[in-house]
Amino acid sequence: MLLDGRAGTDIILIEASSGATITVNDVRVRATEVAGGVSSLTFLVADASIDSWLTGLALLEARSAFALIDPSMGHAAMLALVERYQPDRIIDPAGALVTGGREWSRGRLATRTHPDLAVLLTTSGTTGSPRFVRLSSDNIVCNARQIAQALSLSPDDRSVTTMPLVYSFGLSLLTSHAVSGGALIVTDRSVIESGFWEDIDRYRVTTMAGVPVTYKMLRRLGFADRAPSVRTMIQAGGRLDSELISHFHDIMEARDGRFFVMYGQTEASPRISVLPHSMLPAKLGSVGLPLAGGRLFILDADDREVPEMTRGRVMYQGPNVMMGYADSSDDVALGDVYGDVLDTGDEGYLDEDGCLYISGRTKRICKLSGVRISLEEVESMASVLVPEAADVAAYSPGDDTLVLVVEGARIGDDEVRRTIANRLKVPPKLVTVCARESLPRLANGKIDYRTLQSEHDT
């Protein structure tokens, strides 16, 4: 598993607030305590505490199937999940067994998990209802090793929990450092708090990871003059503006460090490709090459593989592709129904060197006056037009109109609207631009488009 070959005294987790350490032996002891019965399912309600990170790692080590549950979920939503998936038990953020699933459920619990199942992670994408992705132990361990190899992680590396455990990016930080011999600094502080930076310096953090909104905040905070111990930066979780990529690449170049752009999805455990620091700035805009053991290819509308520089559906083949989805308790008993091929739902192309460029989500494409438009491209365009904006979000209500929402900035609505419409070659009356103080977000920091659209439609 993840800790094979590591000495029992190796430190794997450090609590930033107290300096308390968790060793490999501590994880193994905890694994015997939390291991469920054969074919049982555990709900782990995981927050930012070191207990949650320890319990998650221990369940992985025990090969005990569990679902990661966001503690901010309301009681009614939690009850609905219990009814739907019927777990045998629920563990709270402090690692305590607070109740058996049977005490929550009105029905008869009969969940039986497949022996290969390791983790259930929620995903909602940009549309549709949340569902679980089923990942096997092999999926998790394989991708952890792929990431550790791509980033050249070593036992000397220390990262920090800039993302929650319930988010696949956060989980991958834990697993990739576990297999590489490194350690994770566990904090509940945000990058905007001074204490966060004090912890970075105190524990000599070498690696920082973040999603696009993280990097936007880091630039505003003047990262170039902070955290001199950080030598590796990782970006994933959505498209980052090219200017920001260049900005942080240059900072790390000056430190003799590295800035990596990574691409992936929860369904791939979660990483698919990496753009190494050495490929910048030549490959600016690309998300790089597939991880070791993986293959990227592009299909046209007739499912035929297309040559380089031809846009189409992005497909990935590799040992880290999920077992499948789970929409009910019956599904967690299923084996691998996906094989090793994943339709990413993204549109893009491969260049002559095999580097992937993403142009947008196939489901985030709309038509205005018959013109096919990528909503991601609209957002990138708006970010340049309104540089003072914290973020922008675009969606189409489906009635031949486009709505662009700007976060945290005053805008000249009509000027932006006409510029966007002109560049898209559509009538300005089809484009609506508005501003709001903050955009709704999912636990992973991504924009919650479903909530945003429902709020604007009411």
Side-chain angles (χ1 to χ4, degrees), residues 31 34-47 52-53 55-125 127-140 164-168 170-171 175 265-270 321-338 342 442-444 448 450:
V34 298
V38 177
S39 299
S40 68
L41 176 63
T42 298
F43 270 16
L44 173 59
V45 184
D47 65 6
S52 285
W53 290 85
T55 303
L57 187 54
L59 285 165
L60 284 171
E61 191 66 9
R63 299 181 70 95
S64 189
F66 67 104
L68 281 165
I69 307 298
D70 187 344
S72 66
M73 179 182 295
H75 187 74
M78 179 68 168
L79 282 174
L81 271 186
V82 170
E83 283 293 317
R84 189 172 171 189
Y85 293 99
Q86 303 184 11
D88 292 275
R89 59 194 185 143
I90 300 167
I91 297 178
D92 75 1
L97 181 64
V98 294
T99 180
R102 289 175 176 81
E103 297 171 42
W104 282 60
S105 177
R106 295 187 295 271
R108 182 177 68 85
L109 295 180
T111 295
R112 291 293 179 268
T113 62
H114 191 276
D116 293 340
L117 181 64
V119 182
L120 296 176
L121 287 174
T122 55
T123 183
S124 59
T127 60
S129 301
R131 64 199 314 205
F132 277 126
V133 168
R134 297 185 295 118
L135 301 176
S136 70
S137 295
D138 286 346
N139 291 155
I140 294 291
L165 178 61
V166 296
Y167 175 31
S168 59
L171 178 62
T175 58
Q265 295 178 353
T266 303
E267 290 87 343
S269 309
V321 172
M322 66 175 176
M323 300 170 68
Y325 293 105
D327 293 303
S328 70
S329 59
D330 292 337
D331 294 337
V332 300
L334 297 176
D336 185 355
V337 298
Y338 258 68
L342 175 67
L442 301 168
N444 58 19
D448 185 345
R450 288 192 299 132

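Fair warning: this is a prediction, and the values are worked out from it, not measured in the lab. Along the sequence shown, the residues carry numbers beginning at 1.
- Between Ser40 and Asp88, the shortest heavy-atom distance links the atoms CA-OD2, 3.3 Å.
- Taking OG1 of Thr266 as the reference point, atom CZ of Arg131 lies at 12.0 Å (rounded to 0.5 Å).
- The two residues Arg134 and Val337 make their nearest non-hydrogen contact at NH2-CG2, 3.8 Å.
- Side-chain atoms of Ile91 and Val45, non-hydrogen and from C-beta on, never get closer than 4.5 Å to each other.
- Considering only heavy atoms from C-beta on, Leu171 comes within 4.5 Å of Ile140 through its side chain.
- Using a 4.5 Å heavy-atom cutoff, the side chains of Leu60 and Phe66 are in contact.
- A distance of 10.5 Å separates CZ of Arg84 from OG of Ser329, quoted to the nearest 0.5 Å.
- The side-chain heavy atoms of Leu334 and Met323, taken from C-beta on, include no pair separated by under 4.5 Å.
- Between Asp47 and Trp53, the shortest heavy-atom distance links the atoms O-NE1, 4.0 Å.
- Between Ser269 and Asn139, the closest heavy-atom pair is OG-CB, 3.3 Å.
- The shortest distance between side-chain heavy atoms of Val34 and Thr42 does not fall below 4.5 Å.
- Using a 4.5 Å cut-off on side-chain heavy atoms (C-beta onward), Leu41 and Leu120 make contact.
- Contact of the His75 side chain with the Leu79 side chain is registered, since non-hydrogen atoms from C-beta on lie closer than 4.5 Å.
- Residues Asp70 and Ser72 have side chains that bring a donor and an acceptor to within less than 3.5 angstrom of each other.
- Residues Gln265 and Pro270 fail the side-chain proximity criterion, which asks for heavy atoms closer than 4.5 Å.
- Considering every non-hydrogen atom in both Ala46 and Val166, the closest pair reads O-CG1, 3.7 Å.
- To the nearest 0.5 angstrom, Ile69 atom CD1 is 7.0 Å from Thr122 atom OG1.
- A side-chain contact (heavy atoms from CB on, under 4.5 Å) with Pro87 holds for exactly one of Leu81, Leu44, Thr113, Val82; it is Val82.
- Relative ring orientation between Tyr85 and Phe43 is described as tilted, the plane-to-plane angle lying within the 30° to 60° band.
- Atom CE of residue Met78 and atom CD of residue Glu83 lie 12.0 Å apart, to the nearest 0.5 angstrom.
- Between the side chains of Glu267 and Tyr338, no donor-acceptor pair of N or O atoms lies under 3.5 Å.
- We find the CG-CD distance between Asp330 and Gln86 to be 8.5 Å, quoted to the nearest 0.5 Å.
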Check: Can you list the steps and then say if Asp116 with Asp336 is a side chain to side chain contact (heavy atoms under 4.5 Å, CB included)?
Finding: CA-CA 9 Å; Asp116 293 340; Asp336 185 355; over 6 Å; no
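- Taking both residues in full, the closest heavy atoms of Leu117 and Val119 are given as CD1-O, 3.9 Å, listed atom of the first, atom of the second, then distance.
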Notebook entry, point to check: Would Tyr325 and Thr123 satisfy side chain to side chain contact (heavy atoms under 4.5 Å, CB included), going step by step from the backbone distance to the final call?
Noted result: CA-CA 10 Å; Tyr325 293 105; Thr123 183; 4.2 Å; yes
